[in-house]
Amino acid sequence: MKPLQVQSEDNHALVALGHASVQIVHDLKNQLNGLKLYATFLRRRMEKTERPDDELDTIKKLIAGLDRTAEDLSMISDYGSPVHIKPQPGVDLERVMAGVAANLNARLSSSPRATGALAGPIVIDAGTAPLIGEFDFTLLGEALQSITNGALRLMNGKAHNGALNVRLREESNGSSRQGLIELETIVELTHDIFHSFAGTEAIRMSLAARIIEAHGGTAECEAGKLRLQLPLSR
């Protein structure tokens, strides 16, 4: 019985650590907001006087950096908080993914390549079997969009100008049915981007993976692929 007690104590310690981390992140965000307030005040003062352009540019970059850091902290706070999903019956994974692709393709087509647009477009290869399950349509759509956007950035980092191929299929394992979503990034990852905090994009991907897992699914990295599984209705 002693090992069970130790495991219970470890779980309690992890929960306590999670709560403490969320509070620390919240406090850090408040400090960043204070710094941004002072930096914004300084920028306005500088704009009213004749200051060199490089000084104004520096303060603007400082404010942008504070905004990015605050966004990262918000995502870490979200990661440390429980994921509350509101599953709805009869949600089609292909429909959710099609909406994500349409949204991102529209954004890609409106961004000239010269501005450093992401690789694209997104091409969906779906099977004939419907992929119906009980999912939180909005929350799952946000997670899939974050993951798809991350896949595009991975491809863009390798100067790849081709399409992102997304494959949707059904997998059966005994009495259970799984919806499989594979995003072919062609990029060999050296770390698990779904469970990492190595930068803004990894934090966003880790948070999206938590939403997938809250639906009873999994998010994994394979050779040149991001592989998502979600349980389907029987």
Report, one line per pair, each donor and acceptor closer than 3.5 Å where one atom sits in a side chain of residues 122-134; sequence neighbours left out.
unit_1 : atom_1 : unit_2 : atom_2 : d
D125   : OD2    : R169   : NH2    : 3.2

Other ILVMFWY residues reachable from Y38 by side-chain steps of under 4.5 Å
none
Check which hydrophobic residues are tied to I211 through side-chain heavy-atom contacts below 4.5 Å, counting indirect links as well, and list them.
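So far as hydrophobic clustering goes, I211 is joined with V83, I85, L139.
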Partners passing side chain to side chain contact (heavy atoms under 4.5 Å, CB included) against [X] (at least two apart in sequence or in another chain):
X    : result
A151 : L164, L183, T185, L226
V96  : V91, F137, L144
L37  : none

Please list all pairs meeting side-chain hydrogen bond (donor to acceptor under 3.5 Å, both in side chains) that have one or both residues in residues 89-100, counting only residues at least two apart or in different chains.
none
Partners of [X] by side-chain hydrogen bond (donor to acceptor under 3.5 Å, both in side chains), sequence neighbours excluded?
X    : value
R204 : E71, E201
E171 : R227, Q229
K61  : D57

Determine yes or no for a side-chain-to-main-chain donor-acceptor pair under 3.5 angstrom, with R43 supplying the side chain and L56 the backbone.
no
Looking at [X] and [Y], what are the two nearest heavy atoms and their distance?
X    : Y    : value
R107 : N149 : NH1-OD1, 4.2 Å
L93  : G179 : CD1-CA, 4.1 Å
A209 : F194 : CB-O, 3.7 Å
Q145 : V100 : CA-CG1, 3.6 Å

Could you work out, with salt bridge (charged side-chain N to carboxylate O under 4.0 Å, His left out) as the rule, every residue matching R68, not counting sequence neighbours?
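None.
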By salt bridge (charged side-chain N to carboxylate O under 4.0 Å, His left out) - contacts of E142 (at least two apart)
none
